[in-house]
Amino acid sequence: MSIVVSLIMLAAALVAPAPIGATPAPDYGAVGKCRYEITEWSGAVWTEAELRRVAVTPPQLFSHGGTQMVGWRFVVRRSLDRENGPWQVTYRSPIQKGSATTSSAADLHTMRVDVPLPQATELEFVHYTVALKLFWFNANGSVQSKVGHPMSSLHLIVDHEDNGGDDDFCPGLAQQFFEP
């Protein structure tokens with residue numbers, strides 16, 4: 001019997017418990033899209049495209065109780081050196097508001113912004129991130145609570161083709177290479 005108990009205790013010790021607070025951030029349903037303009041072609045395929053616009057579909061926001069005003073905005077940050085920073089805020093959208101209940105999300109709309117790329121910079125080193133800022137308001141209009149939420153899956157759209165949402169950043173210059 002002691003061998004069985006020892007094996008169970010050993011197996012339990014090998015399974016690492018999740019750290020407290022390791023619950024993943026909620027997915028509010030917003031989608032970030034980085035839209036590119038093709039700047040170089042090789043035959044019939046594009047090889048380089050520059051970032052031109054960021055669009056974010058709205059999150060699904062519900063009230064904390066009863067009918068409540070909620071709102072959201074998105075924030076774009078840029079780094080000229082993604083690994084070492086610094087990251088600089090280049091845009092804060094206006095706060096868009098709507099009425100929500102606990103069972104009905106607010107009717108919110110997509111927001112977008114043109115992205116002016118820095119001049120005299122090697123664009124392959126320029127990177128952008130997008131974060132959501134979510135708000136719940138009191139009846140008097142003051143902020144009851146707010147949450148920041150980084151967008152961890154941004155979609156790169158080149159020539160109307162969605163190249164996936166695998167990254168938490170959008171490069172200033174999207175490149176693809178083909179073997180001859």
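Residues take their numbers from the sequence shown, with the count starting at 1.
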Asker: Can you see which heavy atom on C34 is nearest to which on L51, and at what distance?
Answerer: CB-CD1, 3.6 Å
Asker: Once you round to the nearest 0.5 Å, how far does NZ of K33 lie from CE of M151?
Answerer: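 Taking NZ in K33 and CE in M151, the distance rounds to 10.5 Å.
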Asker: Measure the CZ-CZ distance between R112 and F74 for me, rounded to the nearest 0.5 Å.
Answerer: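 Here the rounded value is 9.0 Å.
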Asker: V143 versus W136: any side-chain heavy-atom pair under 4.5 Å?
Answerer: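 No. Closest side-chain heavy atoms not under 4.5 Å.
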Asker: With sequence neighbours left out, write down each residue that passes side-chain contact (heavy atoms from CB on, under 4.5 Å) with E37, or none if nothing qualifies.
Answerer: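 If we apply the side-chain contact (heavy atoms from CB on, under 4.5 Å) test to E37, skipping adjacent residues, the hits are R52.
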Asker: Under the rule for side-chain contact (heavy atoms from CB on, under 4.5 Å), what residues qualify as partners of H109, not counting sequence neighbours?
Answerer: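 Expected list: Q96, D107.
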Asker: Could you check whether any side-chain heavy atom of D81 comes within less than 4.5 Å of a side-chain heavy atom of W87, counting everything from C-beta outward?
Answerer: no
Asker: Supply the atom-to-atom distance L123 CG to L80 CG, rounded to the nearest 0.5 angstrom.
Answerer: 9.5 Å
Asker: Going by side-chain contact (heavy atoms from CB on, under 4.5 Å), name the residues that satisfy it together with E124, two or more places apart in sequence or in a different chain.
Answerer: E122, L173, Q175
Asker: Do W46 and Q176 have side chains that get closer than 4.5 Å, going by heavy atoms?
Answerer: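 A side-chain contact exists here, since the closest heavy-atom pair is under 4.5 Å.
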Asker: How long is the straight-line distance from OH of Y91 back to CG of D114, given to the nearest 0.5 Å?
Answerer: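 Output value for this atom pair is 9.5 Å.
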Asker: So E50 and L117, do their side chains get closer than 4.5 Å, heavy atoms only?
Answerer: yes
Asker: Let's go through L134 and K146 carefully: what are the C-alpha distance in whole Å and the side-chain angles of both, what is the deciding distance for side-chain contact (heavy atoms from CB on, under 4.5 Å) to 0.1 Å, and is it a yes or a no?
Answerer: CA-CA 5 Å; L134 312 174; K146 60 184 174 179; over 6 Å; no
Asker: Does the plane of the ring in Y28 sit parallel, tilted or perpendicular to the ring in H149? Use 30° and 60° as the thresholds.
Answerer: perpendicular
Asker: What are the two closest non-hydrogen atoms of W72 and V56, and how far apart are they?
Answerer: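 Closest pair (atom of W72, atom of V56, distance): CH2-O, 3.4 Å.
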Asker: Run the side-chain donor-acceptor check on residues 59-69: report pairs under 3.5 Å with partners two or more places apart or on a different chain.
Answerer:
unit_1: S63; atom_1: OG; unit_2: G65; atom_2: N; d: 3.3
unit_1: S63; atom_1: OG; unit_2: G66; atom_2: O; d: 2.6
unit_1: S63; atom_1: OG; unit_2: T102; atom_2: N; d: 3.1
unit_1: H64; atom_1: NE2; unit_2: S145; atom_2: OG; d: 3.3
unit_1: Q68; atom_1: OE1; unit_2: H64; atom_2: N; d: 2.7
unit_1: Q68; atom_1: NE2; unit_2: F137; atom_2: O; d: 3.2
unit_1: Q68; atom_1: NE2; unit_2: Q144; atom_2: OE1; d: 2.8

Asker: Quick check on the hydrophobic clustering: are V113 and V126 connected, directly or via other members, by side-chain heavy-atom contacts under 4.5 Å?
Answerer: yes
Asker: Restricting to side-chain contact (heavy atoms from CB on, under 4.5 Å), what partner residues turn up for S104, sequence neighbours left out?
Answerer: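 T101.
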Asker: Do R77 and T90 come within less than 4.5 Å of each other through their side chains, counting heavy atoms only?
Answerer: no
Asker: Minimum heavy-atom separation for D162 to H155, with atom names?
Answerer: OD2-ND1, 3.0 Å
Asker: Step by step, work out the side-chain contact (heavy atoms from CB on, under 4.5 Å) result for V89 and V76.
Answerer: CA-CA 6 Å; V89 172; V76 178; over 6 Å; no
Asker: Of the non-hydrogen atoms in A30 and T57, which two are nearest, and what is the gap between them?
Answerer: CB-O, 3.2 Å
Asker: Could you state the interatomic distance from CZ (R73) to NZ (K97), rounded to the nearest 0.5 Å?
Answerer: 10.5 Å
Asker: Identify which one of I157, V130, L156 satisfies the side-chain contact (heavy atoms from CB on, under 4.5 Å) criterion when paired with C170.
Answerer: L156
Asker: I'd like to know if the side chain of H127 reaches the main chain of F125, judged simply by a donor and an acceptor atom lying under 3.5 Å from each other, with no hydrogens or angles considered.
Answerer: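 At least one qualifying donor-acceptor pair exists.
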Asker: Please name the pair of heavy atoms, one in G172 and one in Y36, separated by the smallest distance, quoted to 0.1 Å.
Answerer: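 Result for this residue pair: O-CE2, 4.2 Å.
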Asker: Do the non-hydrogen side-chain atoms of R78 and P118 ever get within less than 4.5 Å of each other?
Answerer: yes
Asker: Do M111 and V147 share a hydrophobic cluster (ILVMFWY, side-chain heavy atoms under 4.5 Å, transitive)?
Answerer: yes
Asker: Any side-chain heavy atom of T129 sitting closer than 4.5 Å to one from P150?
Answerer: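 Side chain of T129 against side chain of P150, heavy atoms only: no contact under 4.5 Å found.
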Asker: Determine the minimum heavy-atom distance between A100 and A106, stating which atoms define it.
Answerer: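 So the minimum-distance heavy-atom pair works out to CB-N, 3.7 Å.
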Asker: Before giving the answer on side-chain contact (heavy atoms from CB on, under 4.5 Å), spell out for F135 and I95 the whole-Å C-alpha distance, their side-chain angles and the decisive distance to 0.1 Å.
Answerer: CA-CA 9 Å; F135 302 89; I95 297 174; 3.8 Å; yes
Asker: Looking at residues at least two apart in the chain, or sitting in another chain, which of them share a side-chain hydrogen bond (donor to acceptor under 3.5 Å, both in side chains) with S142?
Answerer: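 For S142 the side-chain hydrogen bond (donor to acceptor under 3.5 Å, both in side chains) partners, ignoring immediate neighbours, are N138, N140.
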Asker: Drop me the distance from W41's CH2 to D159's CG, to the nearest 0.5 angstrom.
Answerer: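 Taking CH2 in W41 and CG in D159, the distance rounds to 5.0 Å.
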